[in-house]
2 protein chains.
Amino acid sequence: MELRQLEVFVAVAEEMSITRSAKRHNVVQSAISATLRKLERQLGAELVARTTHKVELTDAGRLFLPEARRTLAAAAEARHVLEQLRGGLRGTLRLGVMLYDGVLAVSPPA
Amino acid sequence: MELRQLEVFVAVAEEMSITRSAKRHNVVQSAISATLRKLERQLGAELVARTTHKVELTDAGRLFLPEARRTLAAAAEARHVLEQLRGGLRGTLRLGVMLYDGVLAVSPPA
DNA sequence: AAATCTTACGGGTGACGTAACGATC
DNA sequence: GATCGTTACGTCACCCGTAAGATTT
């Protein structure tokens with residue numbers, strides 16, 4: 001299971017369409033179809049019910065969807081903290097107190 | 001960014017060693033080294049400081065580690081709910097009330 | 001007939017193992 | 001000298017695009 005596969009599944013679940021999610025991912029239908037099938041095979045569960053012209057979530061799919069979203073959100077947050085650090089907005093803040101001229105007491109690291 | 005990369009990073013962070021995390025992943029050192037470098041390049045941040053014989057987390061690495069763990073935990077939970085469903089332990093529970101003989105009032109789906 | 005999903009095939013990218021090198025303990 | 005991390009290279013699987021086919025509207 002990889003994040004890319006989860007993105008594909010969530011897109012399909014939201015669009016209820018392989019064609020539309022393919023456009024959303026800027027790839028071709030067949031790529032989405034294959035990625036989704038592989039994910040299902042790896043998980044050992046059918047997430048989407050196919051009817052040659054429509055796509056519906058199975059019970060497993062409905063159960064899996066919020067978990068997939070949660071995982072993607074966590075991944076996004078992981079990227080985010082690094083961006084914040086990049087911008088100097090985050091890091092380890094250590095405070096100090098000037099005891100008297102030239103002597104600074106500093107909080108221990110981490 | 002993919003889950004596999006996060007697993008590698010967390011393993012390296014926990015073991016503080018590329019060699020040991022390689023054994024943990026049942027792959028070779030060079031594979032871990034390459035995977036980690038690629039992750040860092042993609043994120044645009046150095047996560048571990050290398051000193052040819054040691055490995056240390058950078059500030060970015062320390063910041064990233066709990067987020068990576070959170071993401072992996074979410075992924076594990078996603079797999080877990082499917083396993084539970086597989087075992088018949090979860091699903092959508094719908095309740096009904098027998099109004100009178102042969103007439104059952106059932107809660108609406110989802 | 002148009003739209004949608006699937007399968008088959010070829011090409012490029014990524015991951016891994018082997019091997020050789022450099023640096024540190 | 002042994003250990004640890006890196007680099008170079010060949011191989012194999014995976015992802016994607018193209019193309020053709022099947023089914024539904």
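The analysis underlying the following values was restricted to heavy atoms, covering all of them including side chains, and did not include hydrogens, waters or symmetry mates. Here is how names work: the chains are called A, B, and so on, in the same order as the sequence lines, proteins then strands, and each is numbered from 1.
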Whole angstrom value for the distance that separates P of dC5(C) from CD of Glu40(A): 13 Å
Closest heavy-atom pair and its distance - Leu6(B), Ala68(B): CD2-CB, 4.2 Å
Trace of the salt bridge (charged side-chain N to carboxylate O under 4.0 Å, His left out) decision for Arg70(A) with Glu67(A): CA-CA 5 Å; Arg70(A) 206 188 310 282; Glu67(A) 305 301 327; 3.6 Å; yes
side-chain N/O Arg37(A) vs dT7(C) OP1/OP2, d < 4.0 Å: yes
Nearest-Å distance for atom pair CZ/P, residues Arg41(B) and dA15(C): 9 Å
5′-ward residue of the pair Ser33(A)/Thr51(B) relative to DNA chain C: Ser33(A)
Rounded distance in Å - CD1 (Ile18(B)) to C1' (dT6(D)): 9 Å
Of the listed nucleotides dT6(D), dT23(D), dC16(D), the one nearest the side chain of Ala31(A): dC16(D)
Sugar-phosphate, base or nothing in reach of Ser30(A), heavy atoms under 4.0 Å: base
Closest nucleotide among dT24(C), dG5(D), dC5(C) to the Gln29(B) side chain: dG5(D)
For Val12(B), the option from Leu57(B), Thr19(B), Val55(B) that meets side-chain contact (heavy atoms from CB on, under 4.5 Å): Val55(B)
Over 12 foreign heavy atoms within 6.0 Å of CD, Glu56(A): no
Under-4.0 Å side-chain N/O to phosphate OP1/OP2 contact, Arg4(B) with dC16(C): yes
Nearest to side-chain heavy atoms of Arg50(A), which nucleotide of dA23(C), dC5(C), dT23(D): dC5(C)
Which nucleotide in dG5(D), dT6(D), dC16(C) has an atom nearest any side-chain atom of Val55(B): dG5(D)
Length of the CD-C1' vector between Glu46(A) and dC5(C), whole Å: 14 Å
First encountered from the 5' end of DNA chain D, between Arg20(B) and Ala34(B): Arg20(B)
Leu36(A) CG to dT7(C) C1', straight-line distance once rounded to whole Å: 15 Å
Sugar-phosphate, base or nothing in reach of Val27(A), heavy atoms under 4.0 Å: sugar-phosphate
Side-chain donor-acceptor contact under 3.5 Å, Thr35(A) with Gln5(A): no
Rounded distance (Å) that lies between atom P of dT13(C) and atom NZ of Lys38(B): 11 Å
Whole-Å distance separating the CD atom of Glu2(B) from the P atom of dA13(D): 20 Å
Phosphate-side-chain proximity, Thr35(B) and dC16(C), N/O vs OP1/OP2 below 4.0 Å: yes
Under 3.5 Å donor-acceptor pair, His53(B) side-chain atoms to dT3(D) base atoms: yes
Given dT7(C), dG5(D), dG17(C), the nucleotide with the shortest approach to the side chain of Ser17(B): dG5(D)
For atom CG of Leu39(B) and atom P of dG14(C), their distance in whole Å: 14 Å
Side chains of Glu14(B) and Arg69(B) in contact at under 4.5 Å (non-hydrogen atoms): yes
